[in-house]
Each structure stands twice: as C-alpha cells, then as structure tokens.
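Basis for what follows: all heavy atoms, side chains included, without hydrogens, waters or symmetry-related copies. So you know, we letter chains A, B, ... as the sequences are listed, proteins then strands, and number each from 1. Since this is a predicted model, take the numbers as computed values, not measurements.
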2 protein chains.
Amino acid sequence: MATGRNHRPATRSRGIPEATVARLPLYLRALTALSERSVPTVSSEELASAAGVNSAKLRKDFSYLGSYGTRGVGYDVEYLVYQISRELGLTQDWPVVIVGIGNLGAALANYGGFASRGFRVAALIDADPALSGRQVAGIEVRHVDELESIIDTNGVSIGVITTPGGAAQQVCDRLVAAGVTSILNFAPTVLSVPDGVDVRKVDLSIELQILAFHEQRKAAEALAQEVPEPLAAEAAPAGSGRDQGPDGDIPAVMPA
Amino acid sequence: MATGRNHRPATRSRGIPEATVARLPLYLRALTALSERSVPTVSSEELASAAGVNSAKLRKDFSYLGSYGTRGVGYDVEYLVYQISRELGLTQDWPVVIVGIGNLGAALANYGGFASRGFRVAALIDADPALSGRQVAGIEVRHVDELESIIDTNGVSIGVITTPGGAAQQVCDRLVAAGVTSILNFAPTVLSVPDGVDVRKVDLSIELQILAFHEQRKAAEALAQEVPEPLAAEAAPAGSGRDQGPDGDIPAVMPA
DNA sequence: CGCTGTGAAGCGATTCACAGCC
DNA sequence: GGCTGTGAATCGCTTCACAGCG
C-alpha cells in the first residue's frame, strides 16, 4: 500500500480513503444535476440525500478534500463540481479501449456517461474479423491484432474487457504488455496482473446472487413471523432487518 | 437506514457478515470450475488464490457457514458447492424480469451466467411498442403495460432495471408496487424504495472514475519519483503503491 | 505434520456530537 | 441560528497466530 508506514501522520491531501474515493463519483453526479438546474449552493443534508448517503459521511468525505463549504450556508455547487472532478482526474480526458464487442461491449460503447465525464473511447477491439470495419456507436471496430499499436498511438492507459471469460486473461496480458495500467473487467474471471496495475471487476451474476441471498432471508423471516418457533427467536424481532438503507453495504466490485 | 438499533448483539448462525456474502459467489465460481475438472478436494490456500482473496479471509468466511472442511486435508469441492449454493438461495430458481431492452438489457438477456445459477429470465420488458413481440435471446419482449401481470403470474421478486436514468424511478415504483422486493439497478439514478426492498446499483461510469483516480495518482507518483522534491517524500519510497493486491478494496456497488 | 477453525489484535470506515465559524 | 468541519467513540472487517484435530 503506498502510503505505508507513513512518516507524516495523516496530514494533507494525499490521503483520501478508498471508501471516500468510491463515493466521489456519486457526489459528482448529484452535483452535476444540481448544476444543470442552476442551483447555486447545497447543504450537506440535501446533497447527501440526493446522492443516497448520510450527511455525516458526506461531510467527512469532503473534509478529506479540503474545506470547501461555508458554515451556516452549505457548499457552492460549481466549485465543488470542479474540485471533485479535479480530484478524480476528470479534468483531463482519458482514452480507453473496449475489447470484446458483443452486446455488453456495444452497450458500453453507446453509453453516454463516458464521454460526458472525461472518458473517450479511443477504439473498439474484437477478435472476430467479421466485425472489423463495422461501426458501433459511430466508432469503427478494429481487429485485436492492432491492439498494441492502437494503445501505443493513442496513449491509452485504461482498458475495458468485455470478452468471454476464456479470452480475458490473454487480452489482459496483452493490454498490460502494451502499457495499460488500469483495467475494468466484466468477464467472469479473476485476472492476474503485475504490481502497479489496477483491476476492478464488475460481475453481473454476482450482484444477482447477493440479491438472491437477501431475498431468501426475507422469505425465511416472513415464515418465521407466521410461525414463531423458538428457532425463529432471532429473525422475528429483527423486523426490517438490514434492508435498504441509503448507506453503504458491501459491494461486489473489487480490485484484482 | 432501515436497520435501526437492533436489539440482539450479534448472535448465532443467521449472522453472516455482508462482506462474506459478497464473496460467496466468488468462491462458488471457483469451486464450480474445480468441480468441472473433477477435483475432489481443495485447500483454503488453493481455493483462495483461485478466487482472488487471501486464505485467512476465506477460512473465516467459511467458518460462518459451518465447519465444512477437514483438518489436514481441505474442503470437499462438491459438498462446498452445495452448501454455498444453498446459503445463497441458488437451489431454488428465481424468476427475474429485465426492464429496458437496449444494448445492456440485451447483453444481460444473453448472459449465460444467469441461467446457470438459479436465475431464469421470466420476461423482457420495454416501453417501446416497436420492440414488443421481437425476440431477444430467444425471449419475447413484452410491453411495459404488462409489467404488473407478468410479475404477478410468474411470482417474480427480483427485477433488473436497464432503462435510461429518467425512467428508472418510475419503473422501480411499478416493480415494487407489483411485488418485487429486490432490484438490480443499472441506471445512473439513486432509487428510492420503501423499507424491505433491497436495491443494488451497478454503475459503469463510476467504476471508470475510480480507475481514473488511481491512474492519476500513479502518474503523480511517477513524476514525484523523477524529481524528488521534499513534497515527494511520501510517494517515492512507496514504490509499487497500493495497487493490485488480491484483497478487497472499496467497491462502488451498493444497496439503495 | 498439515490444514482448518477461531479467539484476539489491528485497522479502516462510519457515526456521533459538538466546537467553530458565518 | 444554521451548517460545516472534525475529534472521539464505535462498529465491522481483515489479519494474525495458534490451538485443535485428522
């Protein structure tokens, strides 16, 4: 972990907790919406509820960035948008490649949320020669043979893998060898990468499985409530359980 | 926050930590692969590395499920597959509906990972009448007017929202009113739902933004290394950074 | 002897609660 | 008076390290 022992206790700037980083995009989205409605300032309470977190957490998060609010008033929307964008590195634009142009790859290519926030799809890449030259979302699909040269020419450092699981590690290796240092992996595979390369994983079926777990638990509780046996002693009073809650639960996306 | 105070401290069995639940699908995937290769038993070390976590975490996770291993030997693959499946509620099959059949909805409909693990796409639903009747992934697309009846007839309790952001809350409300109690939301919107309904959110652009943050930090560190000013005191010795690491980082998917 | 299962320690994130400033 | 910024308390997850068992 970078950071490491740390001489300097906790001091300035360079120590934003991961949990906070993961929420900054949420705040940014909410702020952008406010900005579009020309709302000039916002309180921690309002912004927190728009972002789906609680206000103490939000204030703590912002405190890591600096003192950008005004007591008694709130935060200046435009100013915060800028500060968060800068902190996230969105003031520069990041060329990304998407490898694997199936439905999911196409969905990502078409996804407007990218371009709007500092990301530019530099190329779509697929191993199927039949796709080469086709246009998806107005971008030409190139053959995977060109992967290295595309990355090199465009200075790409972020790659998105939307291939089938079987091809993912191979593609990953090539991306890394070509100079990519951040990877967003949608394939259902644990990628291994050298130190210094970040991997984040998004797995659709894992999310569903987690929902199924809670769904099952809810069903069990409902039963327990009807037939309050001693066994049920625990489930019944719990009532609402941990459910919902706009606050953090445990996620399923992770690095590496 | 639903949740609330909660009386009972932490007691028995029904208390699997969220972080553990989020990893069970990972273990299950690794175990399934082993099972297909007819590997009879596996040690915590081997399984952990296949799943991309460390072995202490894995053993602790399994300890919440029960004592399913054999000291000096390891875990029986088939038995563990069964136990985890049961715990996750995958021994029953869950009918799900996907609302919003754009590229992403289609990608999900085609995604093999669903059917293979207890999920069945009961219906594809879209607001566009032009799509109604079309087949996607061998399933007929139905009009959103039928949403309530579809959910009712099929006993659907899990819904997936892949509509544009603007339609998400509306769709969510109808799903919930019709009886859905778990929602997987791909729209870039914070959904509000009543207590007792679980929401998990997957946001593609948020993941990229988190990568961008780290990418930026890496670039800054590289610079600091070249020109070792006093400011750089911290970055330089860090070397590899926090990067990689098969262990948990902070995710961006969360309930509600 | 090897590997699991688990108390206990450690650590990071969340929440509380209030001092400080506008 | 209202709302931010933040130490201090708390909570939950991770990691350690080893006892216990096959």
* To do: Test side chain to side chain contact (heavy atoms under 4.5 Å, CB included) on B/D198 and B/T181 and set out the steps.
  => CA-CA 6 Å; B/D198 277 313; B/T181 46; over 6 Å; no
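- Residue B/F62 is out of contact with every strand shown, counting any heavy-atom pair closer than 4.0 Å.
- Between A/N54 atom CG and D/dC11 atom P there is a gap of 15 Å when expressed in whole angstrom units.
- The nucleotide whose nearest atom lies closest to any side-chain atom of B/S63 is, among C/dG5, C/dC16, D/dT14, C/dG5.
- Distances from the side chain of B/A19 to the nucleotides C/dT15, C/dT4, D/dC13 place D/dC13 closest.
- Rounded to whole Å, the distance from CD on B/E46 to C1' on C/dT4 is 14 Å.
- A side-chain donor from one of A/S44 and A/R59 sits under 3.5 Å from a side-chain acceptor of the other.
- Residue A/T70 has no polar side-chain atom (N or O) positioned under 4.0 Å from OP1 or OP2 of C/dC22.
- With distances taken from any side-chain atom of B/S67 to the nucleotides C/dG5, D/dC16, D/dT14, the minimum falls on C/dG5.
- Of the candidate nucleotides C/dT15, C/dT4, D/dC13, D/dC13 has the atom nearest to the side chain of B/E18.
- Nearest to the side-chain atoms of A/R71 among the listed nucleotides D/dC3, D/dT15, D/dG22 stands D/dC3.
- The distance between atom CG of A/D76 and atom C1' of D/dC3, rounded to the nearest whole Å, is 15 Å.
- Nearest to the side-chain atoms of B/R59 among the listed nucleotides D/dG5, D/dC21, C/dT6 stands C/dT6.
- Remark: C1' of C/dT15 and CG of A/D61 are 12 Å apart, rounded to the nearest angstrom.
- Taking atom NZ of A/K57 as the reference point, atom C1' of D/dC11 lies 12 Å away to the nearest angstrom.
- An OP1 or OP2 oxygen of C/dC3 is reached within less than 4.0 angstrom by no side-chain nitrogen or oxygen of B/S43.
- When the C1' atom of C/dG5 is taken as reference, atom OH of B/Y64 falls 12 Å away, rounded to whole Å.
- Nearer to the 5' terminus of DNA chain C, by closest-nucleotide assignment, is the contact made by A/K60 (compared with the other of A/G72 and A/K60).
- Between the P atom of C/dT4 and the CG atom of B/L80 lies a distance of 11 Å, rounded to the nearest Å.
- Considering only the side chain of A/Y75, D/dG5 comes nearest among D/dG5, D/dC13, C/dC16.
- With rounding to whole Å, A/E45 atom CD is found 13 Å from C/dT15 atom P.
- Formation of a donor-acceptor pair under 3.5 Å by the A/K218 side chain with backbone atoms of B/G196 is found in this model.
- Checked against the 6.0 Å centroid criterion, the rings of A/Y75 and A/F62 qualify as a close aromatic pair.
- Residues B/Y82 and B/Y79 place their aromatic rings such that the two centres sit no closer than 6.0 Å.
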